[in-house]
Amino acid sequence: MVITSSNPQNKEMAIRKRIASIYNKREEDFSSLIEYNDYLEEVEDMIFNLVEGVNVQEIEDKIQQYQKENAEQIMINQARKAEELAAALAASKGIPAQHDIDGANQSALGGISVGTQGQYAPTLPGGQPRPTGVPQPVPLPGSMDMHGYDDEEMIKLRAERGGRAGGWSIELSKKRALEEAFGSIWI
């Protein structure tokens with residue numbers, strides 16, 4: 001597939017989008033950071049050559065071969081990305097993540113589990129379903145109670161420190177109040 005466009009930026013964006021949908025592995029898919037960086041470098045070299053028109057047919061053949069060999073992994077990664085985008089969209093709208101009582105229903109389709117909402121959740125190598133939903137922050141020890149809320153003392157301490165960090169002090173507010181009070185007296 002040769003992409004032609006009058007605007008070079010549009011051409012590059014179209015090529016990048018197409019290649020990213022095929023070469024969509026993530027860092028966690030590799031055993032080392034060096035392998036992941038080599039993979040990214042290879043993808044960038046292909047994009048550059050396609051944009052510049054260097055060895056286009058050879059690269060297109062390589063892409064077709066990669067698609068055939070990694071079709072299942074490509075599909076799983078696309079489903080994972082769609083799931084993450086859906087979760088991010090739901091989170092941005094303030095919709096809480098919905099969970100099954102009994103978890104996700106397993107499907108026999110290549111290690112893909114299907115939740116009750118019809119979302120695809122690829123399984124981990126041990127057959128365990130991937131966790132779905134929005135990750136929750138873990139409170140630091142000593143900073144919050146068990147429910148994730150600060151106690152009254154911590155709230156007061158943060159308010160005091162926050163005010164001082166912004167240059168505010170109780171003396172400053174008293175001085176300003178006095179200046180405003182005496183400044184409004186007409187003699």
Side-chain angles (χ1 to χ4, degrees), residues 1-140:
M1 169 194 255
V2 178
I3 299 175
T4 58
S5 174
S6 60
N7 187 347
Q9 289 178 335
N10 289 344
K11 178 181 178 183
E12 181 178 356
M13 287 174 53
I15 290 171
R16 283 189 178 281
K17 185 175 181 180
R18 177 175 160 249
I19 297 298
S21 70
I22 299 167
Y23 288 86
N24 55 6
K25 289 185 179 179
R26 298 177 181 197
E27 186 175 349
E28 59 262 15
D29 296 331
F30 295 90
S31 60
S32 71
L33 183 61
I34 293 172
E35 288 178 14
Y36 178 61
N37 287 337
D38 291 343
Y39 170 79
L40 291 178
E41 186 174 347
E42 180 183 354
V43 170
E44 283 299 317
D45 287 343
M46 284 192 301
I47 292 171
F48 176 80
N49 289 339
L50 287 172
V51 169
E52 297 299 320
V54 178
N55 298 331
V56 174
Q57 189 57 44
E58 180 182 320
I59 294 171
E60 289 295 336
D61 293 340
K62 185 176 181 179
I63 292 170
Q64 292 301 321
Q65 182 67 27
Y66 181 85
Q67 277 185 303
K68 288 177 186 175
E69 292 173 356
N70 299 295
E72 184 177 344
Q73 183 68 33
I74 291 169
M75 184 177 63
I76 289 171
N77 287 341
Q78 287 174 347
R80 180 171 47 176
K81 184 176 180 180
E83 176 186 304
E84 290 170 354
L85 289 173
L89 180 63
S92 71
K93 291 183 177 181
I95 301 171
Q98 297 182 3
H99 298 283
D100 268 344
I101 293 174
D102 61 346
N105 300 324
Q106 289 291 331
S107 166
L109 300 173
I112 297 176
S113 61
V114 180
T116 57
Q117 281 74 32
Q119 295 177 335
Y120 291 97
T123 58
L124 296 173
Q128 296 285 331
R130 277 190 51 235
T132 58
V134 179
Q136 298 296 321
V138 177
L140 296 173

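Ionic pairing of E84 and R26 is present here: one or more N-O contacts between side-chain nitrogen and carboxylate oxygen are shorter than 4.0 angstrom.
By the 6.0 Å contact criterion, CD1 on I34 is open, its count of non-hydrogen atoms from other residues, nucleotides or ligands being 12 or less.
Counting all heavy atoms, side chain and backbone alike, R80 lies closest to D29 at NH2-OD2, 3.5 Å. Among all heavy-atom pairs drawn from I74 and Y66, the shortest one is CD1-CE2, 4.0 Å.
Side-chain atoms of K62 and E42, non-hydrogen and from C-beta on, do get closer than 4.5 Å to each other. Here the side chains of L50 and K11 are not in contact, with every heavy-atom distance at 4.5 Å or above. Under the 4.5 Å side-chain criterion, counting only non-hydrogen atoms from C-beta, R18 is in contact with I63. A 4.5 Å side-chain heavy-atom check between R16 and E44 finds at least one atom pair inside the cut-off.
Atom CD of Q67 sits about 13.0 Å away from atom CE of M75, to the nearest 0.5 Å. Taking NZ from K81 and CG from N24, the interatomic distance works out to 8.0 Å, rounded to the nearest 0.5 Å. If you take CD on E27 and CG on L33, they are separated by 5.0 Å, rounding to the nearest 0.5 Å.
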side-chain hydrogen bond (donor to acceptor under 3.5 Å, both in side chains) evaluation trace for E41 with N37: CA-CA 6 Å; E41 186 174 347; N37 287 337; over 6 Å; no
Worked verdict on Q65 versus D61 for side-chain hydrogen bond (donor to acceptor under 3.5 Å, both in side chains): CA-CA 6 Å; Q65 182 67 27; D61 293 340; over 6 Å; no
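Among the candidates V43, L40, N70, the single residue satisfying the side chain to side chain contact (heavy atoms under 4.5 Å, CB included) test with Y23 is V43.
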